[in-house]
Amino acid sequence: MDHLNEVLKILEGALQHNVRKAADYAGLLAEKLESDGEMRQAGMLRQKLARVPAQTLAPVSLQHSLPVDSESQLHTLDEELPARADIALVLPENAAERIEEFVQSTRATEKLAAAGIRHPARLLFSGPPGCGKTQAARLIAAELGLPLLTVRCDTLVSSLLGQTSRNLRRVFEHAENRPCVLFLDEFDALAKTRSDEREVGELQRIVISLLQNIDALAPETLLLAATNHAELLDRAVWRRFAWRVELSLPDVNLRAHIWAMKLGQYAHTDLSSATLAELSAGLSGAAIEHAAHDAIRAAILRGNDTIQPIDLLRRLGLVIAMHNGIQLDSREKEIEFLRNWAPRWLALRKLADYYGISVRQTNKAASGGQHEGQEGTPDSGRRPTGKRP
Ligand SMILES: Nc1ncnc2c1ncn2[C@@H]1O[C@H](COP(=O)(O)OP(=O)(O)OP(=O)(O)O)[C@@H](O)[C@H]1O
Ligand SMILES: [Mg+2]
């Protein structure tokens with residue numbers, strides 16, 4: 001039977017006197033029938049749904065019914081319905097394929113079940129910060145047309161001993177009762193290994209309660225998690241996730257694609273994505289996005305249609321310096337760093353123009369205040385051009 005999951009959920013809702021749950025899943029069933037072309041059956045369902053009292057269904061902004069931490073009164077879940085068009089990710093081929101396979105398998109849960117193949121809808125993203133884990137979770141929810149319920153680990157871990165487990169239970173119960181994707185972001189905060197010496201007692205309780213909740217979750221409830229510290233995760237937690245996708249730092253090809261995507265129409269012909277990709281070795285997608293958006297912002301404020309190559313290079317250089325823990329607290333240090341970092345692209349004259357100082361001053365700064373007038377024409381009388389945005 002097709003769509004058995006939805007039928008079972010509707011039945012569950014009815015048996016629990018949970019009209020909202022039954023109606024939500026009936027709505028989902030109607031959508032699935034419509035996409036199968038079963039308009040007549042979908043119409044019959046929608047007719048029935050139209051008779052459900054408005055108060056029961058009204059709060060599409062379900063905020064008020066989201067679980068809260070009783071100590072802080074803060075929501076422990078965030079709700080969002082991500083739109084596919086808002087998500088632009090450049091992912092390694094194998095990761096993209098795996099994500100696509102997960103989405104396809106989720107769509108085909110019943111078909112797979114009919115053939116005796118279970119689809120455990122649990123996927124764990126791991127990888128360094130800024131490599132697209134949170135966006136990939138949004139992408140899955142958007143592809144499936146389901147709301148993404150992101151667990152707020154900060155409010156979930158309550159200051160009150162014992163309250164965290166209760167919070168966790170409420171979060172899982174909430175997710176169980178409606179069609180959604182439950183997403184445990186920054187998962188390591190919750191699932192640190194049980195051998196962690198700090199706060200051992202409380203952490204153990206949290207991990208045990210987390211495992212119990214995951215085990216009690218109906219297999220078709222979609223559960224995603226993301227962590228920066230895969231190595232900190234308890235093995236027992238790892239095992240619960242049949243699907244694992246590692247999103248590592250982008251290689252040179254991916255970086256070129258990310259640059260092209262992030263700069264879009266603002267890209268400058270003098271500075272190719274391939275060059276930028278080489279100059280941004282070791283950076284995450286988030287860091288590239290940061291530099292690209294900074295340069296685009298500056299271009300828009302200047303009233304230009306494209307970024308200024310030297311401006312983007314400077315911003316990229318600063319991101320790289322920060323990334324390497326290098327403090328550039330004066331213009332001279334900045335020039336020295338930039339000149340050493342990309343001498344081919346940042347000639348003294350270009351830098352002098354950009355900073356509005358003479359080539360001689362630029363050269364002095366570039367050589368750490370040691371030499372003067374070794375490159376270009378010494379031009380001590382130049383006036384600042386003020387080209388720097
Ligand atoms: N591979 C990528 N392609 C395009 N954009 C990317 C990529 N990786 C990161 N970004 C951008 O960087 C920003 C941060 O990404 P995201 O929040 O998904 O990273 P994350 O892996 O969850 O990081 P953290 O571990 O810090 O939570 C987003 O705006 C995202 O669009
Ligand atoms: Mg994230």
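The structure displayed is predicted, hence computed values, not measured ones. We count ligands from 1, going down the list as the structure has it; atoms in each ligand are counted the same way.
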- Item | Proximity winner for atom 18 (O) of ligand 1, if only heavy atoms of H290, Q135, R138, E186 are counted |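 Answer by nearest heavy atom: Q135.
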
Between [Y] and [X], is the closest basic N to carboxylate O distance under 4.0 Å?
X: R255; Y: D251; result: no
X: R297; Y: D294; result: yes
X: D36; Y: K32; result: no
X: E143; Y: R107; result: yes

- Query: Would you say T134 has an N, O or S atom lying under 2.8 Å from the Mg ion (ligand 2)?
  - Reply: yes

- Message: Give the atom numbers and elements of ligand 1 that come within less than 4.0 Å of a heavy atom of K262.
- Response: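 Going through ligand 1 atom by atom, the ones under 4.0 Å from K262 are 4 (C), 5 (N), 31 (O).
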
- Task: Check ligand 1 against L89 and write out every atom of the ligand that is under 4.0 Å from a heavy-atom position of the residue.
- Result: 2 (C), 3 (N), 4 (C), 5 (N), 6 (C), 7 (C)

How far is [atom] from its nearest protein heavy atom, and which residue and atom name does that atom have?
atom: atom 11 (C) of ligand 1; answer: E289 OE2, 3.7 Å
atom: atom 22 (O) of ligand 1; answer: T134 OG1, 2.8 Å
atom: atom 14 (C) of ligand 1; answer: A286 CB, 3.8 Å
atom: atom 19 (O) of ligand 1; answer: G132 N, 3.2 Å

Report the part of [X] in contact with ligand 1, treating N, CA, C, O as backbone and CB onward as side chain, heavy atoms under 4.0 Å; options are side chain, backbone, both, neither.
X: N228; value: side chain
X: A88; value: backbone
X: I258; value: side chain

- Is there a chain of hydrophobic side chains (I, L, V, M, F, W, Y, each step under 4.5 Å between heavy atoms) that links L312 to M322?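 Different clusters: L312 never reaches M322 through Ile, Leu, Val, Met, Phe, Trp or Tyr contacts under 4.5 Å.
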
- Message: With a 4.5 Å cut-off on side-chain heavy-atom distances among I, L, V, M, F, W and Y, is there a chain of contacts connecting W238 to F187?
- Response: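 Yes, because W238 and F187 connect within a single hydrophobic cluster, where side-chain heavy atoms sit under 4.5 Å apart.
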
Check this for me - ligand 1, [X], N or O atoms closer than 3.5 angstrom, yes or no?
X: G130; value: yes
X: C131; value: yes
X: V90; value: yes

- Within a reach of under 6.0 Å around NE2 of H257, are more than 12 heavy atoms found that belong to other residues, nucleotides or ligands?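 Open: at most 12 neighbouring heavy atoms sit under 6.0 Å from NE2 of H257.
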
- Do the side chain of R122 and the main chain of T221 share a donor and acceptor less than 3.5 angstrom apart?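 Pair found, side chain donor or acceptor close to backbone of T221.
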
- Task: Could you grab the distance from atom CZ of R178 to atom CZ of R20, nearest 0.5 Å is fine?
- Result: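 Here the rounded value is 7.0 Å.
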
